[in-house]
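The structure appears right after this line, and notes come after that.
Hydrogens, waters and symmetry mates are skipped; everything else that's a heavy atom, side chains included, is used. What you are looking at is a predicted structure, and each value in this text was computed from that prediction instead of being measured.
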Amino acid sequence: MFCEVFSKSRRSLASLAILGWLMLAAQYCHAQAVQKPVAPGELVAELQKAETVDKALAMFQPPLAKAQLTKSDYLLLDVPPIALPGKIQVRLMSELPGTELFVLFNNKAQPKEPAVLVAKLIPSTEKSDVRVEITLDRTTELLLLAKAGGRYYSVTREVKIAAKEVTKETGKPASKQRR
């Protein structure tokens, strides 16, 4: 009788050991599958590599879509409606309390054009008013994303890029010519 109990308990111990090993393996696999949250500084660097706005929004934790962004009148995207090709001054401002991040997207980026024009963390000690310089060569729609209070807000503006006139006589842009 003692031998029967002992052999049953040995089988039970072996079964428990296998079960324990399987549970450890499952926890390890689950830990590997769960994405580690990206630190804000790393997110800003990663966003610069995104090829499209949708791919950039998918980098956030949890991933975002354009439809999830709340349009806000408390965001200011101050950009000239018409500009010459080249560098353009842009002002990004938020009146939303607790604004911690600005991301300025080229909403109509073509292949080989950056989708993310500016990504800037806003320290809690600073006012959320940022002036940046961007380069645009064609008419586009800009999308400003701001994170404030754990939510994401947006505003869009279109910037039309004027074509430079070239005079027939000199072949130079008309703005450079003396009159």
Side-chain angles (χ1 to χ4, degrees), residues 25-164:
Q27 284 179 337
Y28 176 77
C29 290
H30 176 71
Q32 294 297 320
V34 173
Q35 285 187 340
K36 181 180 172 186
V38 179
E42 293 173 10
L43 175 64
V44 169
E46 287 298 313
L47 284 173
Q48 299 292 338
K49 299 174 189 173
E51 298 167 357
T52 65
V53 175
D54 293 326
K55 286 182 182 179
L57 291 175
M59 292 179 182
F60 286 86
Q61 294 297 328
L64 297 173
K66 285 182 191 176
Q68 292 175 300
L69 303 177
T70 305
K71 293 189 179 185
S72 176
D73 292 332
Y74 294 100
L75 288 178
L76 173 69
L77 175 53
D78 188 18
V79 61
I82 300 173
L84 290 174
K87 296 188 186 264
I88 299 169
Q89 291 288 326
V90 180
R91 182 179 179 200
L92 317 172
M93 189 176 127
S94 171
E95 293 179 1
L96 297 164
T99 300
E100 54 190 85
L101 175 70
F102 281 135
V103 183
L104 184 62
F105 294 102
N106 179 348
N107 211 12
K108 295 182 180 178
Q110 298 291 320
K112 297 186 181 181
E113 284 184 341
V116 177
L117 300 172
V118 175
K120 180 126 173 91
L121 289 171
I122 310 296
S124 60
T125 57
E126 289 185 20
K127 186 177 177 185
S128 49
D129 187 358
V130 177
R131 294 176 192 275
V132 294
E133 193 172 78
I134 60 172
T135 303
L136 294 177
D137 295 326
R138 61 179 195 80
T139 298
T140 193
E141 182 180 74
L142 299 177
L143 168 70
L144 173 62
L145 169 98
K147 182 179 181 185
R151 295 189 59 197
Y152 294 93
Y153 300 90
S154 68
V155 66
T156 58
R157 295 283 182 271
E158 183 178 57
V159 180
K160 294 184 182 196
I161 302 299
K164 290 184 179 178

Heavy atoms only: give me the nearest [X]-[Y] pair and the separation to one decimal.
| X | Y | answer |
| --- | --- | --- |
| Ala83 | Ile88 | CB-CD1, 3.7 Å |
| Val159 | Pro80 | CG1-O, 3.6 Å |
| Ser154 | Leu143 | CB-CD1, 3.8 Å |
| Pro63 | Ala58 | CB-O, 3.7 Å |
| Leu75 | Leu144 | CD1-O, 4.3 Å |
| Ala119 | Val116 | CB-CG1, 4.3 Å |

More than 12 heavy atoms of other groups within 6.0 Å of Arg138 CZ: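 For Arg138, atom CZ is crowded (more than 12 foreign heavy atoms under 6.0 Å).
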Validation row: Val44, Leu101 side chains within 4.5 angstrom (heavy atoms): yes
Qualifying residues under side chain to side chain contact (heavy atoms under 4.5 Å, CB included), relative to Glu158, sequence neighbours excluded: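 Glu158: side chain to side chain contact (heavy atoms under 4.5 Å, CB included) contacts with Lys108, Thr139, Lys160.
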Between [atom1] on residue [X] and [atom2] on residue [Y], distance to nearest 0.5 Å:
| X | Y | atom1 | atom2 | result |
| --- | --- | --- | --- | --- |
| Asp54 | Phe105 | CG | CZ | 9.5 Å |
| Glu113 | Thr52 | CD | OG1 | 13.0 Å |
| Leu69 | Arg151 | CG | CZ | 10.5 Å |
| Gln48 | Leu117 | CD | CG | 8.5 Å |
| Ile122 | Asp129 | CD1 | CG | 9.0 Å |
| Glu100 | Lys120 | CD | NZ | 14.0 Å |

Intermediate values then yes/no, side-chain contact (heavy atoms from CB on, under 4.5 Å), Asn107 and Lys66: CA-CA 10 Å; Asn107 211 12; Lys66 285 182 191 176; 3.0 Å; yes
Ring pair (Phe, Tyr, Trp, His ring centres under 6.0 Å) partners of residues 46-71, not counting sequence neighbours, each pair once: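 Output for this query lists Phe60-Tyr152.
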Stepwise side-chain contact (heavy atoms from CB on, under 4.5 Å) test for Asp137 and Ile161: CA-CA 7 Å; Asp137 295 326; Ile161 302 299; 6.0 Å; no
Heavy-atom donor-acceptor pair, Ser128 side chain to Ser94 backbone, under 3.5 Å: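 Side chain of Ser128 to backbone of Ser94: a pair is present.
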Sole candidate of Leu142, Thr140, Asn106 that passes side-chain contact (heavy atoms from CB on, under 4.5 Å) when paired with Ile134: Leu142
Residue pair Arg91, Leu76: steps toward the side-chain contact (heavy atoms from CB on, under 4.5 Å) verdict: CA-CA 7 Å; Arg91 182 179 179 200; Leu76 173 69; 4.1 Å; yes
Verdict with supporting geometry, Val130 and Val118, side-chain contact (heavy atoms from CB on, under 4.5 Å): CA-CA 11 Å; Val130 177; Val118 175; 5.9 Å; no
